[in-house]
There are 2 protein chains.
Amino acid sequence: MLRRPTIKDVAQRAGCGIATVSRVLNGQGSSSEQTRSKVLAAAEALGFEFNDLGRSLQSNSTRTIGCIVPSLANPVFAEVVQAAQAEANRAGYQLILACSDYDGGLETKAIRTLLAKQVDGLIVTVGDARTSEGLELIRAKRTPCCLVYNTPPDNGPGDGFAAWTVDNRGAADAVAEGFARQGHSCTGFLALEFGRSDRSRERYEGFVAACARLGMAHPVLLEIEEQEGRLLQLLGAMLAEHRGITGIFASNDYLALAAMKAARDLGMQVPADLSIVGFDGISTGLMVEPNLSTVVTDPKAMGRGAAQTVLARLAGLEPPGRPDPAHTFSFRQGGSLGPPSAGKSDGGEAATSPPSNQ
Amino acid sequence: MLRRPTIKDVAQRAGCGIATVSRVLNGQGSSSEQTRSKVLAAAEALGFEFNDLGRSLQSNSTRTIGCIVPSLANPVFAEVVQAAQAEANRAGYQLILACSDYDGGLETKAIRTLLAKQVDGLIVTVGDARTSEGLELIRAKRTPCCLVYNTPPDNGPGDGFAAWTVDNRGAADAVAEGFARQGHSCTGFLALEFGRSDRSRERYEGFVAACARLGMAHPVLLEIEEQEGRLLQLLGAMLAEHRGITGIFASNDYLALAAMKAARDLGMQVPADLSIVGFDGISTGLMVEPNLSTVVTDPKAMGRGAAQTVLARLAGLEPPGRPDPAHTFSFRQGGSLGPPSAGKSDGGEAATSPPSNQ
DNA sequence: AGCCGCTTTGGAAACGTTTCCAATTTTGAT
DNA sequence: ATCAAAATTGGAAACGTTTCCAAAGCGGCT
């Protein structure tokens, strides 16, 4: 009595064929009242539950959607996953999750594994949509897929993929304008794992372009490597090295918050000595003093949208329309962005407009 | 050319039997150099990849572990999942994730679905281990399972399950001592979705017992329902209603942080007018001013431990030893816990001193 | 040449399900 | 009663894989 009962066991106990059991238990085809009750009784008595493997093998569909994100430590992705899952469940699909840990090798491996498991669709955030091997695999297998927080490039593996994403360049532009409005000219861009996230790269490029457009100095790229622990010291060293910087644009809110803490620990005032702007709009940003200025995005909407896109494709329907890029983000002015204090506000190209208010 | 190539196609192209292809591609059994290269060439040419469904059906193992947590919005569970996933991957297993959204019905459904998918093992945090239907299903199917953050009861569905958990009562005791040491006597316990989390209940019960032991007043239970939005107002109303309270123990850090913000918005000083202690030790707690006093737990260790326990059972090995309950948490004294200000510090039964300030 | 033992090979069964189809039973109308 | 139509039923194939087992190939030994 170790083995789980199969449909055969039910058939035997009910004294009928397996086809009949299948029909009764799935409520399809016709069956007499008498057989129906016998089958039901047998299934009940044995505690029978279907085995999805046989089912999926036969039906060529697993009612399963794979989802790959860099990490759940970032609440943005946690929300994406949560929303995608809710949406998938509503449609009777299950989500299989994998995290790539910002590692291209793991990313590829995860995609390969999920494809082997015959997921019906995929929702994916890759490190770099221009070079991802995993996307090649997905394309080769023609599995419906939607990118999240990645911009599909014009060529390369990601070309032609559906995507729900944020207008990183536009958002970076808004941030630059925010800095300019407060009278900043000399800024830095803070990124973690810069090479492993095309989002980060796009934000940086957009910021660089916007700074140029606004006559601000070319932003200093502050790239740090490690995640745990030493972040504070690294940041301290960088701020010490680049004294002229009056504002920092961090590629995500976690970094921005860490930078705020580091600045405080270094005896600097935010925003008087150093303004900080983040990206994502995680809720923690609203809990700190001063509030974090940031680019607010809607990860739930992204996850939901991506899921709907994949599900629509699976159902043969029209995918939902995607939002106007300009509405994929909003700049939230918080207390962490203010005019640079007199002592620090330096020349640069923007010296013409001194801070005026507040 | 729509259909994905199967092992049969490879066999045909290589001019051999499917058994041979299976052996070559899996590197098992013997095969001549000549056949090997022909098979490899054919597989390569066709872009063949194994279909895990057939494989799993045959081998009666999916190399898949199911994981169910209430929500990913809580970073504690995000970390649990992350750690469990890393551990599972190391052992060649894949994690299938489902979130129950703190809903018993969804929880049962998710467990049923994962069992139907023939997961080899399960890592689960249920709402209430004493009554969970899902645990019954798992038990009936004899699927190896480890609880996380649940205490297996002496009877009921969870009885006898392995578990990696925190000593909630012990931790609540430490919190009560923390309050007592600072001179608090009249406290409140703040819980969200109280009935849906046996962790919350244990913390409350432990806190009640400890308060009694320490001669403090019976804590007021502040239970709020909604998650989004109105939390601030609700909290405000409660604090206004229970003026005598000088300290709040929140059942998790999110609530604690929200409470801190609410207190501030109400013009109260933390900790002078109101001390706040949380539970979990999420990193955000260290970023706010003042620091959040909290019970620090190690969700990564829990996730890792639970995964190891399940994996060991699958491999027929001894499960790893579980930590001494006393070491499953540590009380972190932060700035949000201090002595009550003179005006508010009241005596004994709390009714004796009417609210005085603000 | 004959035989033994080793390597290599492929047919076939099995895993649990759905579904086609043909066979059987029931129903209803004459 | 008879017959056609409709309802019910179960055998068998199919999904893609692994593995058992018997057969075939082959080298070297007497």
Side-chain angles (χ1 to χ4, degrees), chain A residues 2-40 42-43 46-64 112-113 115-120 141 143, chain B residues 2-40 42-43 46-64 112-113 115-120 141 143:
Chain A
L2 313 84
R3 189 175 113 284
R4 285 261 76 196
T6 75
I7 202 173
K8 265 184 209 148
D9 300 312
V10 178
Q12 186 163 17
R13 189 174 230 266
C16 64
I18 59 171
T20 305
V21 175
S22 176
R23 271 188 304 260
V24 170
L25 262 28
N26 287 301
Q28 312 184 305
S30 58
S31 50
S32 69
E33 187 49 52
Q34 192 190 1
T35 338
R36 193 154 32 237
S37 62
K38 269 198 304 186
V39 168
L40 256 22
L46 293 170
F48 172 78
E49 300 267 356
F50 278 113
N51 178 332
D52 273 355
L53 289 178
R55 208 175 240 196
S56 297
L57 187 56
Q58 148 70 30
S59 67
N60 196 31
S61 129
T62 54
R63 297 201 77 78
T64 272
R112 195 184 295 277
T113 307
L115 289 176
K117 286 208 181 302
Q118 308 300 114
V119 292
D120 293 341
K141 191 160 182 196
T143 300
Chain B
L2 313 86
R3 190 176 111 285
R4 284 261 78 195
T6 74
I7 202 173
K8 264 184 209 147
D9 301 312
V10 177
Q12 186 163 18
R13 188 175 231 266
C16 63
I18 59 170
T20 305
V21 174
S22 175
R23 273 189 302 259
V24 170
L25 261 28
N26 287 301
Q28 310 183 310
S30 58
S31 50
S32 69
E33 186 50 51
Q34 195 190 358
T35 339
R36 192 152 35 236
S37 61
K38 270 197 305 186
V39 168
L40 257 21
L46 294 170
F48 172 77
E49 300 266 357
F50 278 112
N51 178 334
D52 273 355
L53 290 178
R55 211 174 233 192
S56 296
L57 187 56
Q58 147 71 28
S59 67
N60 198 31
S61 129
T62 54
R63 298 201 77 76
T64 272
R112 195 184 295 277
T113 307
L115 288 176
K117 286 208 180 304
Q118 310 299 115
V119 293
D120 293 341
K141 191 158 182 197
T143 300

Exercise for review: Please state whether the phosphate of dA7(D), meaning OP1 or OP2, lies under 4.0 angstrom from any side-chain nitrogen or oxygen of Ser32(A).
Suggested key: no

Exercise for review: State whether Ser30(A) places a side-chain N or O below 4.0 Å from either non-bridging phosphate oxygen (OP1 or OP2) of dT8(D).
Suggested key: yes

Atom pairs, N/O to N/O, protein against nucleotides 25-27 of chain C, distance under 3.5 Å?
none

Exercise for review: Over all heavy atoms of both residues, which pair between Thr143(B) and Asp120(B) is shortest? Give the atoms and the distance, please.
Suggested key: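 Taking every non-hydrogen atom into account, CG2-O, 3.7 Å.
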
Study note, to complete from the structure: Note: Val39(A) and Cys16(A) closest approach over all heavy atoms is CG2-SG, 3.8 Å

Practice item. State whether the side chain of Arg13(B) and the backbone N or O of Ala42(B) hold a donor-acceptor pair below 3.5 Å, judged by distance alone. Key: no

**Study point:** Sidechain-backbone polar pair: Lys117(B) side chain, Thr62(A) backbone, donor-acceptor under 3.5 Å
**Key:**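 Pair found, side chain donor or acceptor close to backbone of Thr62(A).
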
Practice item. Scan Thr35(B) against the nucleic acid and name what it touches under 4.0 Å (heavy atoms): base, sugar-phosphate only, or nothing. Key: sugar-phosphate

Distance-only donor-acceptor pairs under 3.5 Å for side chains of residues 46-57 of chain B, two or more places apart:
residue	atom	partner	partner atom	Å
Glu49(B)	OE2	Arg112(A)	NH1	2.9
Asn51(B)	OD1	Leu53(B)	N	2.7
Arg55(B)	NH2	Asn26(B)	OD1	2.9
Ser56(B)	OG	Asp52(B)	O	2.8
Ser56(B)	OG	Ser61(B)	O	3.4

**Study point:** Distance (rounded to the nearest 0.5 Å) between Arg63(A) CZ and Thr113(B) OG1
**Key:** 11.0 Å

**Study point:** Separation of Thr64(A) OG1 from Gln118(A) CD (nearest 0.5 Å)
**Key:** 10.5 Å

Check your understanding: Within a strict 4.5 Å, meaning less than it, do heavy atoms of the Asp9(A) and Thr6(A) side chains meet?
Key -> yes

Practice item. Sugar-phosphate atoms are those with a prime plus P, OP1 and OP2; base atoms are the rest. Using that split, label each nucleotide of nucleotides 15-24 of chain C B, S or - for protein heavy atoms under 4.0 Å, 5' to 3'. Key: BBBBB-----

